[in-house]
Amino acid sequence: MNTTPVRTGAGAVSVAAAPGYRARRTLPLRVETVRQLKRRRTLVMGAILAALPFVLITAFAIGGSPEERGDGGGRINLMDTATASGANFAATCLFVSAGFLLVVPVALFCGDTVASEASWSSLRYLLAAPVPRSRLLWSKLAVALGFSAAAMLLLPLVGLAVGTVAYGWGPLRLPTGGSLPTEDTLPRLALVVAYIFVSQLVTAGLAFWLSTKTDAPLGAVGGAVGLTIIGNVLDAVTALGSWRDFLPAHWQFAWADALQPQLEWGGMLKGTAVSVTFALVLVAMAFRGFARKDVVS
């Protein structure tokens, strides 16, 4: 009979593995997905994201559209064309939420995933199942990123549907003048969503690392959101000069280059490189630290 080392505390204990035991089959993604989907915080976050487009439409109905009011103050942004079409409205939803609102679900799903098990005192029982530590982390990270991606898709999809009903379907009008061809509208919006997801990988990696370091889910989530905000503040310090190019926050709105007559890749490629590099380092730190952690909860 095979033996499998299981460590939940400071030492390793060899236990007899049951016939047919396969480490890669423990904690299936389907099981973890269902568990996370049934949690109240998942449903609440989904409801908040789905409600945002309705809030914006109500605000425009009460106060008038930005285009009608002409209150842009000389600045050109997507808000100026928010009511031009359903595509414009979906892009506006992303514009107003990418800087903070979409950070919250990513931090929540990735920061709560391991720390919540520790707070419930169920983490050590999962490891004693036995679920290998690396398998547990990969399963939870994959599901957390999946829910984060779903959150990124939910907002523009609801915005596109609601905006099309309210303002009609048409090409995406550009704030600088002109519009994208109708056949290019959806691919460009999909590229925007994909880039926003990639740019949020830093927050995901940070939250996941903190989740393996603490037994307090709120601490991991709040820490990731707080450090992301600090990154935004540092990016606003122009005295840092070219050092800001190494900050993920510096490239968070590079997706605006996808909404130009000629698609520009430079900013998005640089932002992707910075975000993926930070994310890989943080995830590696999470795996390395958790492999050596003395799990007692």
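Throughout, numbering of the chain's residues begins at 1 and tracks the sequence. Values in this document were obtained by computation on a predicted structure and should not be read as measured data.
- Remark: side-chain polar atoms of S211 are paired, donor with acceptor, to backbone N or O of V114 under 3.5 angstrom.
- Considering only residues two or more places apart in sequence or on other chains, W169 meets the ring pair (Phe, Tyr, Trp, His ring centres under 6.0 Å) condition with none of them.
- Across all non-hydrogen atoms, the minimal contact from L210 to G223 is CD1-C, 3.8 Å.
- Cluster membership for V106 and I229, using ILVMFWY side-chain heavy atoms within less than 4.5 angstrom, is shared.
- Between L137 atom CG and F290 atom CZ the span is 5.0 Å, to the nearest 0.5 Å.
- To the nearest 0.5 Å, atom CG of residue L52 and atom CG of residue L94 are 9.5 Å apart.
- Using a 4.5 Å cut-off on side-chain heavy atoms (C-beta onward), R188 and L172 make no contact.
- Within the 4.5 Å cutoff, side-chain heavy atoms of V162 are placed close to those of F54.
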Criterion side-chain contact (heavy atoms from CB on, under 4.5 Å) on S275 and W251, from CA distance to verdict: CA-CA 9 Å; S275 296; W251 306 101; over 6 Å; no
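- When the side-chain hydrogen bond (donor to acceptor under 3.5 Å, both in side chains) test is applied to S85, the partners found at least two apart in sequence or on another chain are N88.
- Atom CG of L218 and atom OG of S116 lie 12.5 Å apart (nearest 0.5 Å).
- Under the 4.5 Å side-chain heavy-atom criterion for Ile, Leu, Val, Met, Phe, Trp and Tyr, V143 and L43 are members of distinct hydrophobic clusters.
- A single hydrophobic cluster is seen to contain both L280 and F278, as judged by linkage of ILVMFWY side chains at heavy-atom distances under 4.5 Å, directly or through other members.
- L263 has its side chain within reach of M268: a pair of non-hydrogen atoms, C-beta onward, lies under 4.5 Å apart.
- Residues L37 and F147 have side chains in contact (heavy-atom distance under 4.5 Å, counting atoms from C-beta outward).
- The CD atom of E264 lies 12.5 Å from the CG atom of L259; values are rounded to the nearest 0.5 Å.
- Taking 4.5 Å as the limit, every side-chain heavy atom of L234 sits out of range of all side-chain heavy atoms of W243.
- When side chains are defined from C-beta on, K270 does not count as touching H250, because their heavy atoms never get closer than 4.5 Å.
- Listed here is the closest heavy atom pair of G231 and L247: O-CD1, 4.3 Å.
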Verdict with supporting geometry, F197 and V193, side-chain contact (heavy atoms from CB on, under 4.5 Å): CA-CA 6 Å; F197 174 73; V193 174; 5.7 Å; no
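- Between atom CZ of residue F60 and atom CZ of residue F89 there is a gap of 6.5 Å, rounded to the nearest 0.5 Å.
- Here R133 contributes atom CZ and F287 contributes atom CZ; the two are 12.5 Å apart, rounded to the nearest 0.5 Å.
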Check against side-chain contact (heavy atoms from CB on, under 4.5 Å), T228 and F100: CA-CA 9 Å; T228 300; F100 179 75; over 6 Å; no
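- Contact check for P105 versus S148: no side-chain heavy atoms found under the 4.5 Å cut-off.
- Hydrophobic clustering of Ile, Leu, Val, Met, Phe, Trp and Tyr side chains at less than 4.5 Å, counting indirect connections, keeps I57 apart from V165.
- At a threshold of 4.5 Å between non-hydrogen side-chain atoms, the residues L240 and V237 count as touching.
- Placement of M79 and V55 in two distinct hydrophobic clusters is found when ILVMFWY residues are connected by side-chain heavy-atom separations under 4.5 Å, directly or transitively.
- Nearest heavy atom pair, residue A249 against residue D235, reads O-OD2, 3.9 Å.
- A pairwise comparison of heavy atoms in P53 and A50 identifies CD-O, 3.3 Å as the closest pair.
- Residues R35 and E117 are paired through a salt bridge, judged by an N-O separation under 4.0 Å between the basic side chain and the carboxylate.
- Side chains of Q252 and N232: a donor on one and an acceptor on the other come within 3.5 Å.
- Of the options L102, L157, L153, a side chain to side chain contact (heavy atoms under 4.5 Å, CB included) to L49 is made by L102 and by none of the others.
- With T42 contributing its side chain and K38 its backbone, the two residues share no donor-acceptor pair below 3.5 Å.
- Contact detail for L180 and P261: the closest heavy-atom pair is CD2-CA, 4.3 Å.
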Let's go through L136 and E32 carefully: what are the C-alpha distance in whole Å and the side-chain angles of both, what is the deciding distance for side-chain contact (heavy atoms from CB on, under 4.5 Å) to 0.1 Å, and is it a yes or a no? CA-CA 10 Å; L136 183 143; E32 180 65 16; over 6 Å; no
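- The list of salt bridge (charged side-chain N to carboxylate O under 4.0 Å, His left out) pairs with a residue in residues 95-115, not counting sequence neighbours, reads R39-D112, R41-D112.
- Considering all non-hydrogen atoms of both residues, Y195 and A254 come closest at OH-CB, 3.6 Å.
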